[in-house]
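Structure first, then comments.
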Protein chains: 4
Amino acid sequence: MVRTVGSHGPKTMEAIRKAGLKLIHEHGYEAMTLRQLAAEVGVQVGSLYNHISTKQDLLFDLIKAHMDDLLAELEVRLAGIDGPVERLKAFCAFHVAYHILRKREVFIGYSELRSLDPNHYEEIVGLRRQYERRLTAILEEGRQQGLFQVGDNAVAAYGILAMLTGVCTWFRPNGRLTREQVAEIYSDMVLRGLVPPDQLPASSPLR
Amino acid sequence: MVRTVGSHGPKTMEAIRKAGLKLIHEHGYEAMTLRQLAAEVGVQVGSLYNHISTKQDLLFDLIKAHMDDLLAELEVRLAGIDGPVERLKAFCAFHVAYHILRKREVFIGYSELRSLDPNHYEEIVGLRRQYERRLTAILEEGRQQGLFQVGDNAVAAYGILAMLTGVCTWFRPNGRLTREQVAEIYSDMVLRGLVPPDQLPASSPLR
Amino acid sequence: MVRTVGSHGPKTMEAIRKAGLKLIHEHGYEAMTLRQLAAEVGVQVGSLYNHISTKQDLLFDLIKAHMDDLLAELEVRLAGIDGPVERLKAFCAFHVAYHILRKREVFIGYSELRSLDPNHYEEIVGLRRQYERRLTAILEEGRQQGLFQVGDNAVAAYGILAMLTGVCTWFRPNGRLTREQVAEIYSDMVLRGLVPPDQLPASSPLR
Amino acid sequence: MVRTVGSHGPKTMEAIRKAGLKLIHEHGYEAMTLRQLAAEVGVQVGSLYNHISTKQDLLFDLIKAHMDDLLAELEVRLAGIDGPVERLKAFCAFHVAYHILRKREVFIGYSELRSLDPNHYEEIVGLRRQYERRLTAILEEGRQQGLFQVGDNAVAAYGILAMLTGVCTWFRPNGRLTREQVAEIYSDMVLRGLVPPDQLPASSPLR
DNA sequence: CATGAATGAGGCTTCATTCAT
DNA sequence: GATGAATGAAGCCTCATTCAT
């Protein structure tokens, strides 16, 4: 249990967020105690309340910040990319990369939804729907242009998201495959699941 | 909220398991209290201890029983089916069906792993690996026979499992699609992600 | 700090009420801690919650029981007594006696009103008004019969109640005066404050 | 809720006393928190300690100042008044007026005595006794001159003080009666409770 | 087997107070 | 003189677990 003794002043809030992320990821929100959190930060339990208003609020803050980032970075990534196939590839690559790099936020964002207060829950679910709509819009566009063969638009979106997100479960930074390789493999799988072979871009080797 | 008031005799243990499943699914293991459980069963808290030895043990029992069933039923389903393509289709259909029918067990089996004691954890993870090996074996067989084009065997297995398992997240019993339709859609997506078009069985319309 | 070690079973609730009365009287509701209460009862803090639902509820219970008793016993005391003068004397005697015998309940009933939840507060204030109306009814009756000379009915009632109630502040069980003597002195003062001398009953010596 | 935002300089202490008076009256000393106090003053919690040394000390200051004022103003009021009957009337009128005008100080001075440290408690009780002795001296003088008929000197004093003080409980500034009328009514009641009718001054109509 | 009550640890939160800036 | 953050104790309450009846 690392102890950043003497963390002080405006840095404390950042330390709390970081420690909260770590502990909630490890033990779950319900199982994490503020004693653990305070110890990890290197501070007395009561001092936490100079920075957060409630354990519940800390959870919401973390998830909200994650969702905001996710949406904002996706926007940046898709900007200027045209055509459903290229946009889908970009989406997949982005999703995999983000989910590898911010594994813990992602995990918490999914698994601790039920620990949110009803109001907080609604807000986060709304953001999540916004994100999903980015993908369904691409699928719909591709379908209308006759590029994608999709049994059901929504089912396909759910399936794709679940598959891509699964990367969090097993990816290890120093494993056999690099982040880019994994993104490539997944993008391929998704595209081949949707695009008739003769429409596949030449750049996608059937390796 | 079913409440088997005054449940007696050997039925109580069954009621506890059922209520536990429900409550852990709703609130999570850490968040569920034995008071809630007792109330759901229609019994006083102390009485639970005539049937379970520990809250932790109840969790393990539920997950273990689920894993045993999963493995046993898969065995039954694959029995007598030959050829990687057909076996893969059977696997997908089974996985989807089971995950739809026993949503709560499945969810708990994934999300509450971290709440298990180390020993219990190891045992369950072992069973889970057994299950995954059933899939990788099929993939490997298909690859060796030149039927599947897989970038990476393990990555493909993880991707497939994550995608199929995702069905729990969104499937609603009385929704637009039947269980069979969903199984078909998913099987298709998986097969097309792995099998070169000319190898696809005629029975799989590219609808 | 007396410790009734081993208090058990159905006696515990009674012990809690008794200890609560004592401690709230001594330190005030806000200042009394459940640690103190549990220690006084001879029990762990958590055990209190097998008998009370909340610190606030204990306070309400104590005050409510006191008000119910006060009203019930007054009814008994006034039963069968006729005529405003005799009824006023009986009221005074009863009030003084009750307030001497149940000093602590009385004190708490006054001073901790503000610590009650709004709902509880309203209920108790309603009962208190009922009690005051018993006195104003007597005063009004006496005034209509020309027996009492009262500047203002309500002011007189408040004045009388405040005076009589003040006995709690100073009376000591083994002091110079007996409970009956004090009741007599107070009754006299009240009657002489209201009744013209020629209407005073012969039984009230101007000693 | 007046909020003197940004109160500066020597005015802050006065604002603290005023806010303290209000909040202790409303919630009681134990229930009032320094956070509430600071908010009411329009200052951060820590800043309070530039003006007070302790929460306990603030309480003592407020009560002590009240008692000092009470004694000093009584002295002024009684100065130059001769004869037990007139002095008693003056005492009653003063007591009622003061208790109406400084309701909150009075209330706190009674009800928060028990929240004082032992040393502070003794000092305040001493001052209170000084005040009571002013009344008993008048009663004793009247008795020796054969003007008052008192069953018991001390009991009478307690009774009178309790009655007069009770005015705090119900008087409303814009109610049916003026402060002067109430003082008159109370004085009458007290005098008639003590003075044989033939000794009553002509100025006191038996209205 | 069920119950009700006890335990002791620990949960989140708030408190009065201190002190560097 | 004001501020914000730290402290450590303590607040009420809930928990899983035990056990006599």
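Bear in mind that the values here come from a model prediction, so they are computed numbers and not experimental data. Chain letters run A, B, ... following the sequence lines, proteins first, then strands; residues in each count from 1. Heavy atoms only: backbone and side chains are in, while hydrogens, waters and symmetry mates are out.
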Rounded to the Å, how far apart are [X] [atom1] and [N] [atom2]?
X	N	atom1	atom2	value
C:Leu48	E:dA6	CG	C1'	11 Å
B:Gln36	F:dT14	CD	P	12 Å
D:Ile16	F:dA2	CD1	C1'	12 Å
A:Leu59	E:dG11	CG	P	18 Å
D:Leu34	F:dG4	CG	P	17 Å
A:Gln56	E:dG11	CD	P	18 Å
A:Leu37	E:dG11	CG	C1'	14 Å
A:Leu23	E:dG11	CG	P	13 Å

For residues 115-124 of chain B, which side-chain donor-acceptor pairs fall under 3.5 Å, sequence neighbours excluded?
unit_1: B:Ser115; atom_1: OG; unit_2: B:Glu112; atom_2: OE1; d: 3.0
unit_1: B:His120; atom_1: ND1; unit_2: B:Gln56; atom_2: OE1; d: 3.3

So, using side chain to side chain donor-acceptor pair (under 3.5 Å) as the criterion, who are the partners of D:His25 when residues are at least two apart?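 Result, side chain to side chain donor-acceptor pair (under 3.5 Å) vs D:His25: none returned.
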List the residues meeting side chain to side chain donor-acceptor pair (under 3.5 Å) with A:Asp69, not counting sequence neighbours, and say none if there are none.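 By the side chain to side chain donor-acceptor pair (under 3.5 Å) rule, A:Asp69 matches A:Arg102.
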Check side-chain contact (heavy atoms from CB on, under 4.5 Å) between [X] and all other residues, then give those that pass, not counting sequence neighbours.
X	value
B:Ala65	B:Arg17
D:Thr33	D:Arg35, D:Gln36
B:Gln44	B:Ser47

Hey, is the side chain of [X] poking within less than 4.0 Å of OP1 or OP2 on [N], counting only N and O atoms?
X	N	answer
B:Thr12	E:dA2	yes
D:His51	F:dA2	yes
B:Gln44	E:dG4	yes

Please figure out whether A:Arg35 or D:Asn50 has its closest DNA chain F nucleotide nearer the 5' end. D:Asn50
Tell me the salt bridge (charged side-chain N to carboxylate O under 4.0 Å, His left out) pairs involving residues 44-64 of chain B, sequence neighbours left out? B:Lys64-B:Asp68
Distance to the ring centre below 6.0 angstrom and angle to the axis at most 45 degrees; does that hold for C:Arg114 and C:Tyr29? no
On DNA chain E, compare the nucleotides closest to D:Thr33 and A:Glu30; which residue's is nearer the 5' end? A:Glu30
Pick the nucleotide of DNA chain E nearest each of D:Ile52 and A:Lys55; which residue has the one closer to the 5' end?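 Checking each residue's closest nucleotide, the 5'-ward one belongs to A:Lys55.
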Can you measure from CD (C:Glu40) to CG (C:Leu34) and round to the nearest 0.5 angstrom? 13.5 Å
Tabulate atom names and distances for all N/O pairs under 3.5 angstrom spanning the protein and nucleotides 18-21 of chain E.
none

Treating a pair as Watson-Crick (purine N1 to pyrimidine N3 plus N6-O4 or O6-N4) or G-U wobble (N1-O2 and O6-N3) with both distances under 3.5 Å, list the stems of 3 or more consecutive pairs that involve DNA chain F.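 Only these stems qualify: E:2-21 with F:2-21.
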